[in-house]
Chemist: 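Okay, handing you the structure first.
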Amino acid sequence: MKIGVLALQGAFREHRRMLELCGAVATEIRTPQDLDAVAGLIIPGGESTTIGKLMVEWGLLDKIRLRASQGMAIYGTCAGMILLAKEIIGSDQPRLGLMDIAVRRNAFGRQRESFEADLAVPEFGEDPVRAVFIRAPYIEKTGPDVQVLAKVKDKVVIARQGNFLATAFHPELTEDERIHKYFINMMQE
Ligand SMILES: NC(=O)CC[C@H](N)C(=O)O
């Protein structure tokens with residue numbers, strides 16, 4: 001199974017490495033045609049405004065929406081979570097608008113407020129998930145079809161809606177493969 005990593009800006013190399021450690025075939029996505037060969041797509045962390053603008057310029061926004069409507073699974077981390085949201089609080093920046101969530105950017109603070117936390121995520125097993133938050137957003141509102149998988153300080157930081165998965169933090173910056181494996185399993189469901 002081939003999984004794409006959107007490679008316009010941000011931490012896409014780290015996601016490629018994690019997918020390969022999980023035994024998946026990872027490929028960098030830069031054009032709409034690149035999307036034809038993949039069963040899933042990871043949208044990495046970075047700057048959501050930059051990634052969104054490049055997605056529009058490169059014709060990727062509409063193609064990703066089309067492939068999502070055909071069943072392609074998508075996982076967004078941090079900026080990727082922001083781009084998946086229907087609502088980005090206080091912003092009209094470009095987005096995919098595929099998940100019924102309202103996201104607040106930089107909600108936990110700026111770079112100097114970046115932090116790590118051990119999350120209890122029953123979906124991923126007994127051991128806590130070491131979550132790395134960098135200028136992180138959080139999910140302020142979720143629609144009825146959205147499953148909340150974990151919270152930090154009572155704010156939603158992992159959510160799933162059908163084929164879409166979003167985390168406010170960066171598992172690709174740790175050695176913990178569970179979330180990437182969970183995403184790979186989503187494609188096999
Ligand atoms: N680590 C990240 O992806 C940061 C996201 C960035 N603060 C944004 O709002 O787009």
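None of these values were measured; they are calculated from a predicted model. For the single chain, residues carry numbers from 1 onward in sequence order. As the structure lists them, so they are numbered: ligands from 1, and atoms in each ligand from 1.
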Chemist: Please find the pair of heavy atoms, one from Arg135 and one from Ser114, that lie closest to each other, and give the distance.
Modeler: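 Scanning both residues completely, I find the closest heavy atoms to be N-OG, 3.1 Å.
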Chemist: Under 3.5 Å between some N or O of ligand 1 and some N or O of Ile134?
Modeler: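 Yes.
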Chemist: Could you tell me whether the side chains of Ser91 and Gln93 share a donor-acceptor contact shorter than 3.5 Å?
Modeler: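 Yes, side-chain donor-acceptor contact under 3.5 Å.
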Chemist: What closest approach, in Å, do Lys2 and Ala37 show between heavy atoms, and which atom pair accounts for it?
Modeler: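 Scanning both residues completely, I find the closest heavy atoms to be CB-O, 3.7 Å.
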Chemist: Angle between ring planes, Phe133 versus Phe108, binned at 30° and 60°: parallel, tilted or perpendicular?
Modeler: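 The rings of Phe133 and Phe108 stand perpendicular, inter-plane angle above 60°.
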Chemist: Report, in ascending order of atom number, the atoms of ligand 1 lying under 4.0 Å from any heavy atom of Glu47.
Modeler: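 In order of numbering, the contacting atoms are 6 (C), 8 (C), 10 (O).
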Chemist: Identify, for atom 7 (N) of ligand 1, the protein heavy atom at the shortest distance, and state residue, atom and that distance.
Modeler: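 For atom 7 (N) of ligand 1, the nearest protein heavy atom comes out as Asn106 OD1, 2.7 Å.
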Chemist: Go through it in stages, so that I can follow the logic: the residues are Arg30 and Glu28, the test is salt bridge (Lys or Arg N to Asp or Glu O under 4.0 Å), and I'd like the CA-CA distance, side-chain angles, deciding distance and then a yes or no.
Modeler: CA-CA 7 Å; Arg30 291 185 178 83; Glu28 294 178 4; 2.7 Å; yes
Chemist: Judging by distance only, is a nitrogen or oxygen of Ile82 under 3.5 angstrom from one on ligand 1?
Modeler: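 For ligand 1, there is no N or O atom that lies under 3.5 Å from one belonging to Ile82.
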Chemist: Mind checking whether Cys78 has an N or O less than 3.5 Å away from an N or O of ligand 1?
Modeler: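 Such a contact does not occur with ligand 1.
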Chemist: With Leu96 as reference, evaluate Leu61, Asp62, Leu60 under the side chain to side chain contact (heavy atoms under 4.5 Å, CB included) test and give the passing residue.
Modeler: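 Going through the options one by one, the only one that passes is Leu61.
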Chemist: To check your reading of the model: name the closest protein heavy atom to atom 9 (O) of ligand 1, its residue, and the distance in Å.
Modeler: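 Answer for atom 9 (O) of ligand 1: Arg105 NE, 2.6 Å.
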Chemist: Output the list of atoms in ligand 1 that are nearer than 4.0 Å to some heavy atom of Gly45, sorted by atom number.
Modeler: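 This gives 3 (O) as the contact atoms.
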Chemist: Tell me whether the NZ or CZ atom of Lys181 lies within the 45° cone about the ring axis of Tyr75 and under 6.0 Å from its centre.
Modeler: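 No.
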Chemist: Look only at interatomic distance and state if Arg135 has a nitrogen or oxygen under 3.5 Å from any nitrogen or oxygen of ligand 1.
Modeler: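 Yes, at least one N or O pair falls under 3.5 Å.
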Chemist: Think Arg130 forms a cation-pi with Phe169, using NZ or CZ under 6.0 Å from the six-ring centre and within 45 degrees of its axis?
Modeler: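 No cation-pi geometry.
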Chemist: Which residue and non-hydrogen atom of the protein lie closest to atom 10 (O) of ligand 1, and at what distance in Å?
Modeler: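 Here the closest protein heavy atom is Ser48 OG, 2.6 Å.
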Chemist: Starting from atom 5 (C) of ligand 1, find the nearest protein heavy-atom neighbour and note its residue, name and distance.
Modeler: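 Minimum-distance protein heavy atom for atom 5 (C) of ligand 1 reads Gly46 O, 3.3 Å.
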Chemist: Return yes or no for this condition: an N or O of Thr77 is under 3.5 Å from an N or O of ligand 1.
Modeler: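 In this structure, Thr77 places no N or O atom under 3.5 Å from an N or O of ligand 1.
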